[in-house]
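Heads up: the structure comes next, in structure tokens.
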Amino acid sequence: MGKVDLDDLIDVNQVAEILGLSQRNTVTTYLQRYPDMPRPVLEFESSRIRLWLRPEIVAWARKTGRLTG
């Protein structure tokens, strides 16, 4: 992976908002259910922090008809 624009990093709350999910826990369910969903680019198990790239989530949401935000 090349350089990442820090403004493109989003957390689970923002992923849920883009996908129109009312609960952030549903993002984990989506990760298990949809193998084509973008994976976090940073994941810190000890603090349970996960970060995604906004462009990847938006593209996936558009492709699957889930874009709301």
Side-chain angles (χ1 to χ4, degrees):
M1 178 187 290
K3 290 186 179 183
V4 172
D5 184 342
L6 295 180
D7 291 335
D8 284 341
L9 291 174
I10 58 174
D11 66 10
V12 69
N13 294 316
Q14 294 165 302
V15 172
E17 183 180 327
I18 290 169
L19 298 178
L21 304 173
S22 59
Q23 296 182 2
R24 66 186 217 141
N25 292 345
T26 307
V27 173
T28 298
T29 302
Y30 269 41
L31 285 169
Q32 295 166 351
R33 185 176 295 158
Y34 303 108
D36 64 330
M37 181 179 174
R39 295 321 197 221
V41 292
L42 290 172
E43 194 162 2
F44 301 99
E45 290 295 326
S46 60
S47 57
R48 297 188 336 186
I49 293 174
R50 295 180 292 177
L51 298 174
W52 287 259
L53 288 173
R54 180 186 310 274
E56 290 182 359
I57 293 295
V58 168
W60 185 79
R62 277 196 183 113
K63 182 179 90 172
T64 60
R66 292 180 172 87
L67 184 66
T68 62

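These values consider heavy atoms only, across backbone and side chains, with no hydrogens, waters or symmetry-generated copies. From a predicted model like this one, the values you see are computed outputs, not experimental measurements.
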Minimum heavy-atom separation for Leu9 to Leu42, with atom names?
CD1-CD1, 4.4 Å
Taking the side chain as every heavy atom from C-beta outward, state whether Arg50 and Thr28 have any atom pair closer than 4.5 Å.
yes
Of all residues at least two apart in sequence or in a different chain, which pass the side-chain contact (heavy atoms from CB on, under 4.5 Å) check with Asp5?
Asp7, Asp8
With side chains defined as the heavy atoms from C-beta onward, is the minimum distance between Val15 and Ile18 less than 4.5 Å?
no
Rounded to the nearest 0.5 angstrom, the NZ-CE distance for Lys63 and Met37 is 11.5 Å
Determine whether Leu21 and Arg66 make a side-chain contact, defined as any pair of heavy atoms from C-beta on separated by less than 4.5 Å.
no
Given the options Ile10, Val4, Val58, Leu53 meets side-chain contact (heavy atoms from CB on, under 4.5 Å) only with Val4
List the atom of Arg39, the atom of Pro35, and the distance in Å for their closest heavy-atom pair.
NH2-CA, 4.0 Å
Ring pair (Phe, Tyr, Trp, His ring centres under 6.0 Å) pairs, two or more places apart, involving residues 34-60:
Tyr30-Tyr34, Tyr34-Trp60
Gln32 side chain to Thr29 main-chain N or O, any donor-acceptor pair under 3.5 Å?
no
Calculate, to the nearest 0.5 Å, the distance between atoms CD1 and CG belonging to Ile57 and Leu19 respectively.
6.0 Å
